[in-house]
Amino acid sequence: MNFAVGFKPLAGDTQTMDNLEKQLICPICLEMFTKPVVILPCQHNLCRKCANDIFQASNPLWQSRGSSTVSSGGRFRCPSCRHEVVLDRHGVYGLQRNLLVENIIDIYKQESSRPMNPKSEQHLMCEEHEDEKINIYCLSCEVPTCSMCKVFGAHKDCEVAPLSNIYKRQKSELSDGIAMLVAGNDRIQAIISQMEEICKSIEDNSRRQKQLLSQRFDSLYNILEERKKELLQVVTRQQEEKLQCVRGLIRKHGDHLEGTSKLVESSIQSMEEPQMAAFLQNAKELIKKITEMSKVSTIDRPEPGYENMDHFSVNVDYVSEMLRTIDFQSGASGQEEEEAIDTEETETVGEEDRTEPTEGH
């Protein structure tokens, strides 16, 4: 069925619009939200300008948007529920816009701008019965119609109801639908906030596990470094012992060589003595000393291979293979890792405390 152009707002419109307007009032400026509208993590809405005003008031040292100085963000409290809102370096410009509320504001303003003067109000008129107003609703065909269509026209065999009843019912359904959309938007925003928290938890947990992993490997490095130090000390002690022994032999044979050199020099001088009597006085003693020196036939020397240090070799192949197989334990929790590391650190400190008095003696 076709209808003539013209619409008359019904009696319940004013109250419905008033109730809707109350939901679109900013708690800061007490005016209808001014776009852009931002939604806080607590699901309350603010004009972005109002949100920026209270943010600037709570963070007087925060740099304004467009400043060359990089800011680290700030925080303020929601004026409706006092929930603390933490912002990043973008400030209130980092908050998500509530496009659904903005669209509802546009619809509200369009409806509010329609003329409400009763003299100018018009009714939809039936085109088949030009003098009849549309005043009933055909439930069978789901279209508005006039009384004449019900009595004589196409809807005479249909079930009808008063237009106002259907209007109120469908208006209520539409209002409920809008409320469902708003609630759905709030739920989606809550889910987004939860997922953002999950992302933050993932980053925090990853950072903590990286720290624990680094501590574990640092502990292995310390063990290897300590063991290397101990083994190097063993090699150094063996080196000093062998050097001391060989240098002792060098000094001993050097003294012997010096003694024989002096004896040879004295013997040569004695050979040059022209007087036989004077020569014979010293010759017997020199011959005796030369005989004694000659008896030292065995010269102490290190055994063959004494200089070899190959017995200090270390086989680390099996350790290397074991280190290459280090992997994550599927059943190990981060808390157990932390407790294990704390226990190792405590034991290390205890061993150092027990060692210090001994070194002092």
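Just so it is clear, the model here is predicted, and its values are computed rather than measured. Heavy-atom basis, side chains included; hydrogens, waters and symmetry copies ignored.
Within 6.0 Å of the CD atom in Gln244, the count of heavy atoms belonging to other residues, nucleotides or ligands does not exceed 12. Annotation: Phe328, atom CZ; neighbour count of heavy atoms from other residues, nucleotides and ligands within 6.0 Å does not exceed 12.
Note that CD of Gln189 and CD of Glu196 are 7.0 Å apart. Values are rounded to the nearest 0.5 Å. Between the CG atom in Leu263 and the CD1 atom in Ile268 there is a gap of 10.0 Å [rounded to 0.5 Å]. Of the inter-residue distances, the one linking Gln209 atom CD with Ser206 atom OG reads 8.0 Å to the nearest 0.5 angstrom. Taken to the nearest 0.5 Å, the CG atom of Asn282 stands 10.5 Å off from the CD atom of Gln269. With rounding to the nearest 0.5 Å, the separation of SG in Cys42 from CD in Glu84 is 11.5 Å. Separation of atoms CG (Asp255) and CZ (Arg251) is listed at 9.0 Å; rounding is to 0.5 Å.
Residues forming a side chain to side chain donor-acceptor pair (under 3.5 Å) with Glu230 (at least two apart in sequence, or on another chain): Arg227. Residues that satisfy the salt bridge (Lys or Arg N to Asp or Glu O under 4.0 Å) test with Arg187, not counting sequence neighbours, are absent from this structure. Scored by the side chain to side chain donor-acceptor pair (under 3.5 Å) test, Arg77 finds no partners at all (sequence neighbours excluded). Partners of Lys228 by side chain to side chain donor-acceptor pair (under 3.5 Å), not counting sequence neighbours, listed by chain and number: Glu225.
In this structure, Glu292 does not pair ionically with Lys289, as no charged nitrogen and carboxylate oxygen lie closer than 4.0 Å. A salt bridge does not link Asp204 to Arg208: none of the charged nitrogens lies less than 4.0 Å from a carboxylate oxygen.
If you chain together hydrophobic residues whose side chains sit under 4.5 Å apart, Ile223 and Val316 never meet in one group. Note on Met32: it clusters hydrophobically with Ile104, by side-chain heavy-atom contacts below 4.5 Å among ILVMFWY residues. The cluster map of Ile, Leu, Val, Met, Phe, Trp and Tyr, joined by side-chain heavy atoms under 4.5 Å apart, puts Ile39 and Leu100 in different clusters. Follow the hydrophobic side-chain contacts under 4.5 Å out from Phe279 and you never reach Ile290; the two are in separate clusters. If you chain together hydrophobic residues whose side chains sit under 4.5 Å apart, Leu249 and Val246 never meet in one group.
When all heavy atoms are compared, the tightest approach of Val85 to Cys78 is CG2-N, 4.4 Å. The two atoms that bring Arg75 and Phe55 nearest to each other are N-CE1, 3.8 Å, heavy atoms only. The two atoms that bring Cys245 and Tyr306 nearest to each other are CB-OH, 3.5 Å, heavy atoms only. Closest approach of Ser58 to Phe76, counting heavy atoms only: OG-CB, 3.7 Å. Closest heavy-atom contact between Gly94 and Asp88: CA-OD1, 4.4 Å.
A donor-acceptor contact shorter than 3.5 Å is absent between the side chain of Asn52 and the backbone of Arg48. Judged by distance alone, the side chain of Thr260 and the main-chain N or O of His256 form a donor-acceptor pair under 3.5 Å.
Residues Asn98 and Phe33 fail the side-chain proximity criterion, which asks for heavy atoms closer than 4.5 Å. Considering only heavy atoms from C-beta on, Ser266 comes within 4.5 Å of Leu286 through its side chain. Ile54 is listed as a side-chain neighbour of Leu46, based on a closest heavy-atom distance under 4.5 Å. Residues Ile166 and Arg169 form a side-chain contact, since some pair of their non-hydrogen atoms from C-beta on lies under 4.5 Å apart. At least one side-chain heavy atom of Val314 sits less than 4.5 Å from a side-chain heavy atom of Leu231. When side chains are defined from C-beta on, Leu99 does not count as touching Asn185, because their heavy atoms never get closer than 4.5 Å.
Membership of the apolar cluster around Val235 extends to Val234, Met309, Phe312, as traced through chained side-chain contacts below 4.5 Å between ILVMFWY residues.
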Apply side chain to side chain contact (heavy atoms under 4.5 Å, CB included) to residues Glu258 and Lys262 and explain how you reach the verdict. CA-CA 6 Å; Glu258 184 180 359; Lys262 289 181 179 180; 3.6 Å; yes

Exercise. Given salt bridge (Lys or Arg N to Asp or Glu O under 4.0 Å), test Arg324 with Glu321 step by step and report yes or no.
Key: CA-CA 5 Å; Arg324 290 190 183 96; Glu321 289 299 324; 3.2 Å; yes

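Tested against Pro79, the residues Cys50, Pro27, Cys26 include a single side chain to side chain contact (heavy atoms under 4.5 Å, CB included) partner, Pro27.
Pairs of residues two or more places apart, or lying in two chains, never qualify as salt bridge (Lys or Arg N to Asp or Glu O under 4.0 Å) while including a residue from residues 136-147.
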